[in-house]
Every structure is written in C-alpha cells, then in structure tokens.
Amino acid sequence: MISWERSINIKSRQELEVMREAGRINAEALAAAVALVAPGVTTAEMNEAFEAVQRKYGVTSPFKNYPGPYPYPASICTSVNDELVHGIPNKHKLAEGDIVSIDCGTTYEGFVGDMAVTVPVGQIEPETQRLLDVTRKALEIAISKTVPGNTVGDVGYAVQTYVEEQGFYITRTYTGHGVGRKMHEGPQVPNYGKPGRGMRLREGMTIALEPMVLVGTGETIVKPDEWTVASADGSLTAHFENTVAVTADGPVILTAL
Ligand code: MG
Ligand code: MG
C-alpha cells in the first residue's frame with residue numbers, strides 16, 4: 001500500500017469546477033461558524049452552525065469520523081490559543097482576548113474543499129494580531145508560489161523564510177497536502193524546505209496550503225484527548241488554509257465565497 005503522500009491525482013477542468021463548488025459551500029459554512037465568534041460562545045455551538053449550512057446543501061464533512069486514535073467526533077476542528085490544529089469542539093466558553101482557529105472541510109459530489117482561518121475573540125493584544133497577520137500573509141505567499149514548474153520546496157522555503165524573518169516558528173510535524181476525492185492526497189507540502197527540492201507542481205494539482213505558525217518554538221505536543229495538537233511551551237499559535245488549484249493561468253483559490 002502506498003501512503004497518501006505519493007498518490008497524486010491530476011484534476012480535469014470539470015473536476016476543478018466541482019471542487020470550486022465544494023470549496024464555496026465550505027467557505028459559506030465556515031463563515032456561519034465565524035459569525036458566532038464572541039466571548040461566551042462555545043466551539044460546540046460553532047460546530048452546530050457549520051453543520052446547519054452543510055445540511056442545507058445536503059453535504060457532509062470529511063472530518064467527521066476521520067480515522068485516528070478514535071474516529072474524529074465533529075465536522076470542524078476548533079483550536080484555541082496554544083492549540084494549533086485538530087482541537088475538538090466542546091462546551092468551554094470562548095473568552096475576550098482568545099484566538100480560535102476553525103479548520104473545516106466539505107465533501108460535495110465526491111470532492112473535498114479544505115480551509116482554515118484563525119479569528120480573534122473580542123479585543124486581542126497587538127502582538128497576537130501580528131501573529132494572525134503574519135500567518136495569513138504566509139498563506140498568501142504560499143499561494144503565490146503554487147504555480148506549474150515550482151517545487152514543493154519552493155513553496156515551503158518561501159513560507160519558512162517569511163515566518164522566521166518575522167520572529168515566529170513553523171511546525172515540521174504537520175504539513176499541507178494534495179486534496180481531491182480524499183481530504184489527504186499527495187503531494188505533501190511542508191511549510192519549510194529548500195528551493196528546487198521536492199516534487200514539481202503540475203497543472204491540475206489541487207493543494208491544501210496551510211501555514212501553521214507558533215510564537216515560542218516549533219515544537220508541538222498532543223493533548224490527552226489524543227487529537228488536539230498544541231504548542232509544547234503553551235505559546236500562541238495560528239493557522240490559515242485554502243485549497244488551491246495549480247493552473248497555467250496561476251494559482252486559483254477553490255475555497256472562496
Ligand atoms: Mg484543513
Ligand atoms: Mg488541510
């Protein structure tokens with residue numbers, strides 16, 4: 001059996017149109033969850049808001065029952081403050097000054113859109129806002145490098161260089177990935193790398209680019225729930241993600257409203 005990192009699937013123009021709709025619905029459902037974010041709201045309520053939009057379209061989340069230490073129990077991941085990715089929605093109330101990342105997916109007509117944003121809860125510290133700004137900019141940089149002929153090393157190098165210049169850290173343990181009929185396909189797209197190294201990007205590849213940025217160190221731990229990944233030192237983290245198509249006309253964001 002080959003691992004997902006090696007299973008590259010080139011999409012036709014028609015398949016890209018289906019993926020664009022999967023991504024659009026996903027972005028709409030994500031917006032409903034983000035609209036709730038405020039002090040006193042729970043991440044379980046955000047998950048419900050996301051699922052309500054998915055029900056309206058008759059679509060589902062590839063996150064639900066995703067294989068792991070036990071089947072993933074929700075349709076989105078909600079990761080608060082030091083939590084980087086894979087946080088499970090729960091009844092804990094968000095507080096003023098928190099940041100919460102929402103990572104989510106939608107399967108529509110057999111294709112997946114995968115996207116994440118990190119948003120402030122009420123007023124946040126200026127340095128926390130800078131973390132969000134740097135991570136969002138890192139995603140924009142990654143997207144700009146996602147063109148035919150570049151390698152995954154070119155993408156990772158650009159992200160790593162920018163994030164480290166800003167005084168923050170990237171994780172080496174979790175990466176971006178190809179996405180299509182499955183949420184995780186090849187190639188693996190790390191947020192670090194060397195120019196010219198790794199697999200070459202080709203027209204029709206669809207990639208989930210997802211810079212994951214940490215304030216204190218690049219080290220992560222997994223919390224006792226066996227899903228939630230957090231910074232090892234308890235420092236803040238942020239995560240932004242879009243699904244992007246590699247095309248002759250340049251990168252096309254498939255997870256746009
Ligand atoms: Mg994701
Ligand atoms: Mg992803």
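Counting starts at 1 for both ligands and their atoms, following the listed order.
- Within the coordination shell of the Mg ion (ligand 1), defined by N, O or S atoms under 2.8 Å, Asp103 is present.
- Judged by distance alone, with hydrogens and angles left aside, the side-chain atoms of Trp227 form a donor-acceptor pair with the main-chain N or O of Tyr70 at under 3.5 Å.
- Distances from the Mg ion (ligand 2) to the N/O/S atoms of Asp114 are shortest for OD2.
- With respect to the salt-bridge test (charged N to carboxylate O, under 4.0 angstrom), the residues Arg24 and Glu21 qualify.
- Glu241 contributes atom OE2 as its closest N/O/S atom to the Mg ion (ligand 2).
- Among the atoms of His177, an N, O or S atom falls under 2.8 Å from the Mg ion (ligand 2).
- For the Mg ion (ligand 2), the nearest N, O or S atom contributed by Glu210 is named OE2.
- Side-chain N or O atoms of Asn242 include none that pairs as donor or acceptor with a backbone N or O of Leu209 at under 3.5 Å.
- Smallest separation of non-hydrogen atoms from Val147 and Gly250: CG1-CA, 4.4 Å.
- Between the side chain of Thr206 and the backbone N or O of Ala245 there is no donor-acceptor pair closer than 3.5 Å.
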